[in-house]
Amino acid sequence: MTTKIIIVGITAFCTYLCTYFLNLSMENMEQYLAVCSVLWLDGIFGIWAGIKREGFKTYKALRITRNTFVWIAILTVLLMVEKGFSGTGWLSEVVVVPFMILQLISALKNASMAGLIKTAELNKILDAIDNHKGLRK
């Protein structure tokens with residue numbers, strides 16, 4: 001009888017956790033998709049550029065998966081804090097958005113190195129992003 005109670009308790013706890021994370025991820029689906037999309041875009045372009053420069057490196061390609069899981073974990077913790085404490089609804093944007101912008105810039109650079117974007121076009125884009133430094137020559 002106590003074994004059944006323990007099994008039911010463990011099952012109920014696991015069900016609670018899975019339901020909690022399912023609801024959290026579905027309520028913030030766009031943020032999770034944005035993080036995954038940006039990381040994979042940068043990673044695919046990085047692999048493409050790497051193949052042109054030095055050949056395919058498995059350990060570098062696997063970094064995409066590792067980085068994706070790390071950023072999903074960071075986003076999940078931030079969203080849990082936002083949900084748990086009122087007044088912290090800004091937290092995920094302040095922490096995640098700057099890194100995602102850097103990843104997007106890295107994706108542009110990798111696309112340029114892969115030959116998908118001309119260097120002149122990349123310079124125009126980068127100058128538009130950071131126009132207070134002046135134009136490149």
Side-chain angles (χ1 to χ4, degrees):
M1 184 68 175
T2 58
T3 306
K4 288 181 183 179
I5 292 173
I6 291 172
I7 291 173
V8 168
I10 291 172
T11 304
F13 180 72
C14 289
T15 303
Y16 167 75
L17 284 179
C18 289
T19 304
Y20 177 80
F21 288 117
L22 175 69
N23 289 335
L24 184 70
S25 63
M26 288 298 109
E27 289 171 2
N28 300 287
M29 177 178 45
E30 292 82 11
Q31 289 185 28
Y32 283 103
L33 288 174
V35 166
C36 291
S37 298
V38 168
L39 290 169
W40 279 87
L41 179 75
D42 182 33
I44 297 298
F45 287 156
I47 289 171
W48 198 332
I51 288 172
K52 285 190 165 194
R53 281 182 288 141
E54 58 194 24
F56 183 77
K57 305 275 186 181
T58 306
Y59 70 93
K60 287 186 176 182
L62 290 175
R63 287 183 5 202
I64 301 169
T65 308
R66 183 197 68 202
N67 289 343
T68 302
F69 283 117
V70 167
W71 276 105
I72 286 174
I74 290 170
L75 180 60
T76 301
V77 170
L78 290 171
L79 291 171
M80 289 171 64
V81 170
E82 284 181 6
K83 193 171 187 175
F85 298 100
S86 61
T88 58
W90 49 268
L91 194 57
S92 63
E93 288 87 4
V94 169
V95 174
V96 175
V97 170
F99 289 107
M100 290 300 108
I101 291 172
L102 291 175
Q103 287 296 130
L104 282 170
I105 293 171
S106 174
L108 288 172
K109 182 179 175 188
N110 285 336
S112 174
M113 293 172 76
L116 302 172
I117 298 175
K118 295 179 183 172
T119 305
E121 292 297 319
L122 177 64
N123 286 339
K124 283 182 190 177
I125 294 169
L126 293 177
D127 287 340
I129 291 171
D130 199 11
N131 60 6
H132 71 279
K133 292 182 180 176
L135 299 175
R136 298 168 202 264
K137 296 192 184 212

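Numbers for residues simply follow the sequence, beginning at 1.
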Shared hydrophobic cluster for [X] and [Y] (ILVMFWY, side-chain gaps under 4.5 Å):
X      : Y      : answer
Ile64  : Ile51  : yes
Phe85  : Leu79  : yes
Phe21  : Ile10  : no
Ile117 : Ile105 : yes
Tyr20  : Ile72  : yes

Grab the two heavy atoms, one from [X] and one from [Y], that are nearest each other, plus how far apart they are.
X      : Y      : result
Asn67  : Leu39  : O-CD1, 3.8 Å
Gln103 : Val38  : CB-CG1, 3.4 Å
Phe45  : Ala111 : CD1-CB, 3.7 Å
Glu93  : Pro98  : O-CD, 3.7 Å
Met113 : Lys52  : O-CD, 4.4 Å
Leu75  : Gln31  : CD1-OE1, 3.3 Å

Practice item. For Ser112 and Leu108, indicate whether the former's side chain and the latter's backbone hold a donor-acceptor pair under 3.5 Å. Key: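 Here the side-chain-to-backbone pair does not exist.
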Review point. Ignoring hydrogens and geometry, is there a side-chain-to-backbone donor-acceptor pair from Ser106 to Leu102 under 3.5 Å?
Key: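 The answer is no, because no donor-acceptor pair under 3.5 Å joins these two groups.
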Between [atom1] of [X] and [atom2] of [Y], what distance do you get to the nearest 0.5 Å?
X      : Y      : atom1 : atom2 : result
Glu27  : Leu22  : CD    : CG    : 9.5 Å
Leu78  : Trp71  : CG    : CH2   : 8.5 Å
Asp42  : Leu104 : CG    : CG    : 8.5 Å
Cys18  : Phe13  : SG    : CZ    : 10.0 Å
Leu116 : Trp48  : CG    : CH2   : 4.5 Å
Met26  : Tyr32  : CE    : OH    : 9.5 Å

Check your understanding: If we only count heavy atoms from C-beta on, is the Thr65 to Trp40 side-chain gap below 4.5 Å?
Key ->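 Yes, their side chains come closer than 4.5 Å.
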Check your understanding: Considering residues, nucleotides and ligands other than Lys83, do more than 12 of their heavy atoms fall under 6.0 Å from its NZ?
Key ->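 Buried by this count: over 12 neighbours within 6.0 Å.
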Check your understanding: CZ of Phe99: more than 12 outside heavy atoms within 6.0 angstrom?
Key ->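 Open: at most 12 neighbouring heavy atoms sit under 6.0 Å from CZ of Phe99.
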